[in-house]
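Comments concern the structure below.
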There are 2 protein chains.
Amino acid sequence: MLNERSLSFSHDCEDCPIRHRAVCARCDQAELERLEEIKYYRKFEAGQTVVWSGDRMDFVGSVVSGIATLTQTMEDGRTQMVGLLLPSDFVGRPGRDSAAYDVTATTDLVMCCFRKTPFENMMDQTPHIAQRLLEMTLDELDAAREWMLVLGRKTAREKIASLLSIIARRDASVATRAATHSIVFDLPLTREAMADYLGLTLETVSRQISALRKDGVIALEGKRHVTVPDMGRLLEEAGDDADGGVFA
Amino acid sequence: MLNERSLSFSHDCEDCPIRHRAVCARCDQAELERLEEIKYYRKFEAGQTVVWSGDRMDFVGSVVSGIATLTQTMEDGRTQMVGLLLPSDFVGRPGRDSAAYDVTATTDLVMCCFRKTPFENMMDQTPHIAQRLLEMTLDELDAAREWMLVLGRKTAREKIASLLSIIARRDASVATRAATHSIVFDLPLTREAMADYLGLTLETVSRQISALRKDGVIALEGKRHVTVPDMGRLLEEAGDDADGGVFA
DNA sequence: ACGCAACATTGACCCAGATCAAAAGAACGC
DNA sequence: GCGTTCTTTTGATCTGGGTCAATGTTGCGT
């Protein structure tokens with residue numbers, strides 16, 4: 001069963017981040033080959049919807065590159081983003097056959113998917129996959145609860161700083177950090193998407209970003225390219241401990 | 001190894017709700033007996049703290065009776081409740097040795113605990129325990145994400161209605177429901193605790209409860225005893241679909 | 001029964017962020 | 001190049017819920 005694609009799925013594979021966080025981190029070669037058989041890639045363009053809430057969802061998977069969002073919508077149109085999926089994040093729920101949220105690509109997106117039924121079978125026979133998923137789900141639960149604090153108790157400025165912190169930590173290249181002591185990244189979200197994540201309006205997001213720029217907490221080139229000269233300062237603005245770091 | 005206590009832990013046990021939701025739902029008798037050996041009960045009075053965030057936590061467990069809350073606190077004292085633990089809910093995280101949140105009893109509380117290290121060992125040898133925990137954690141994640149919508153996008157009145165819905169659904173006795181078509185329960189939280197859960201101030205909570213009472217959505221006897229004459233109406237006020245029911 | 005301490009309600013006022021409105025950049029096809 | 005459309009910024013005004021303050025209510029210990 002070995003072929004080019006399955007070779008690319010070994011622990012040394014560069015293009016598939018699953019080895020870092022997701023299901024196969026502890027798999028041996030035989031297990032990886034089994035996963036390989038039920039694996040396929042899906043590509044989406046920026047703005048495309050992966051699944052709508054309530055739709056049948058016959059796969060699970062993880063993000064290879066690009067960014068996706070999970071959002072909930074009320075009947076009257078109010079929306080709340082409930083998750084931000086960055087590369088290596090897992091999507092889908094074993095044991096449920098319909099999506100609970102809208103999943104949308106906000107940039108061009110590549111996902112590594114597994115057909116759900118065979119994946120579930122494999123889970124039954126490979127205990128450490130369930131254990132790995134449990135760990136990941138507990139991490140997500142912690143992140144969701146951190147976000148509850150952001151939504152419930154932080155000011156607009158703190159909310160923006162919190163969001164920038166998360167993106168900075170997960171998205172900034174290590175090289176950039178080492179060279180200049182400042183962190184540089186591109187915002188993968190529109191102002192509107194940021195507002196939906198933060199429980200704000202897009203106007204408030206825009207105003208607070210302008211304010212943080214004016215105060216020197218961040219610098220902007222164009223609308224999306226952000227430089228954080230002092231990460232400690234940003235975390236302070238976010239209301240987090242400057243050292244600890246909730247989203248580390 | 002059988003004795004009185006272990007017998008009370010069988011699938012027919014009445015006093016320990018673990019068989020319903022928590023770890024041993026699918027355990028056979030031998031496994032139950034092993035769990036029995038590492039199990040112990042802890043009792044707390046209303047207002048007592050189970051663990052503080054950051055404290056060493058050498059057990060996992062679930063709520064037998066009473067209600068506990070998970071809260072996060074910022075340095076300046078702002079607090080956000082991130083979880084409400086009702087009977088049968090699970091507490092603690094395998095693979096982590098310190099608590100991530102303050103856990104507080106809001107009523108008299110009985111917990112059924114397992115020493116963490118032997119519990120983790122047992123998890124390694126009993127795959128369906130990890131699977132059960134995964135299911136439960138995914139449910140909690142869904143609940144946390146539902147709550148993100150409440151915190152981020154709902155009005156104060158909708159927030160109160162949402163909280164009352166949750167408590168009504170989990171706490172109301174079936175008998176009461178059948179007899180009168182209305183749902184009756186006691187609020188297990190102070191106004192302040194409700195405010196911390198909803199991202200509001202206690203004054204706003206009080207005002208909105210008064211408003212819902214004046215509008216006939218709920219009736220109150222004393223400060224805590226609530227009657228919901230029409231659950232559909234309450235769900236409407238919460239901004240949820242009257243039928244579907246997010247927190248079912 | 002009384003006094004004290006939590007807990008809860010209600011009122012008056014204020015402000016952070018929403019809403020409404022306009023205009024200025026960017027990005028894209030033709 | 002040049003409309004067209006999407007995104008973002010900025011201004012003016014409004015308002016839901018916060019803040020401050022006073023008063024009620026409940027329950028408990030003595």
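The chains referred to below are lettered A, B, ... by the order of the sequence lines, with proteins before strands, and numbering in each begins at 1.
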- Task: May I ask you to check whether B:Thr204 and B:Thr201 show a side-chain donor-acceptor distance below 3.5 Å?
- Result: yes

SB check [X] [Y] (cutoff 4.0 Å):
X       : Y        : result
B:Arg96 : A:Asp142 : yes
B:Asp89 : B:Arg170 : yes
B:Asp97 : B:Arg56  : yes

Could you check how far [atom1] of [X] sits from [atom2] of [N], rounded to whole Å?
X        : N      : atom1 : atom2 : answer
B:Met194 : C:dC7  : CE    : P     : 15 Å
A:Ile160 : C:dA16 : CD1   : C1'   : 14 Å
A:Lys154 : C:dA16 : NZ    : C1'   : 17 Å
A:Glu192 : C:dA18 : CD    : C1'   : 15 Å

Sub-4.5 Å side-chain heavy-atom contact between [X] and [Y]:
X        : Y        : result
B:Lys223 : B:Leu220 : no
A:Val91  : A:Val60  : no
A:Lys43  : A:Met111 : no
A:Leu164 : A:Ile218 : yes
B:Gln80  : A:Val150 : no

- Message: If you count every heavy atom of other residues, nucleotides or ligands that lies below 6.0 Å from B:Glu192 atom CD, does the total exceed 12?
- Response: no

- Message: What contact category does B:Ser206 fall into here, base, sugar-phosphate, or nothing, at under 4.0 angstrom with non-hydrogen atoms?
- Response: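 Base: the residue B:Ser206, judged by heavy atoms under 4.0 Å, touches a nucleobase.
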
Under the 3.5 angstrom rule, does the side chain of [X] hit a backbone N or O of [Y] as a donor-acceptor pair?
X        : Y        : result
A:Thr107 : A:Pro188 : no
A:Arg233 : A:Val217 : no
B:Thr79  : B:Thr73  : no
A:Ser62  : A:Ser88  : no

- Start and end of the DNA chain D segment that chain A contacts, any atom under 4.0 Å from a heavy atom: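 Counting from the 5' end, contacts occupy D:dT8 to D:dA12.
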
- Item | Close approaches to DNA chain D from residues 198-205 of chain A, in residue order (heavy atom, under 4.0 Å) | A:Leu202, A:Glu203

- Task: Name every residue in residues 218-228 of chain B that has at least one heavy atom under 4.0 Å from any atom of DNA chain D, in order of residue number, or write none if there are no such residues.
- Result: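 Nucleic-acid contacts, sorted: none.
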
- Given pairs defined as Watson-Crick or G-U wobble with both distances under 3.5 Å, what dot-bracket annotation applies to DNA chain D, with ( ) intrastrand, [ ] crossing, | other strand and . unpaired? ||||||||||||||||||||||||||||||

- Item | Lys/Arg cation over aromatic B:Phe59: B:Arg42, 6.0 Å, 45° cone | yes

- Query: Honestly, is B:Arg145 close enough over A:Tyr101, meaning NZ or CZ under 6.0 Å from the six-membered ring centre and within 45° of the axis?
  - Reply: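 Yes, B:Arg145 sits over the ring of A:Tyr101.
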
- Query: What nucleotide, of C:dG17, C:dA8, C:dT9, holds the atom closest to the side chain of B:Ser210?
  - Reply: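 The listed nucleotide nearest to B:Ser210's side chain is C:dT9.
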
Identify the pairs formed between an N or O of the protein and an N or O of nucleotides 12-14 of chain C at a distance under 3.5 Å, and give each distance.
unit_1	atom_1	unit_2	atom_2	d
C:dA12	N6	B:Arg207	NH2	3.4

- Task: Hey, could you give me the CD/CD distance between B:Gln72 and A:Glu146, rounded to the nearest 0.5 Å?
- Result: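 Taking CD in B:Gln72 and CD in A:Glu146, the distance rounds to 4.5 Å.
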
- Message: Return whichever of A:Arg153 or A:Arg191 has its heavy-atom-nearest nucleotide of DNA chain D closer to the 5' end.
- Response: A:Arg191

List every contact pair, protein side and nucleotides 27-30 of chain C side both N or O, where the distance is under 3.5 Å.
none

- Message: Taking salt bridge (Lys or Arg N to Asp or Glu O under 4.0 Å) as the criterion, tell me which of B:Lys154, B:Arg157, B:Lys159 meets it with B:Glu237.
- Response: B:Arg157

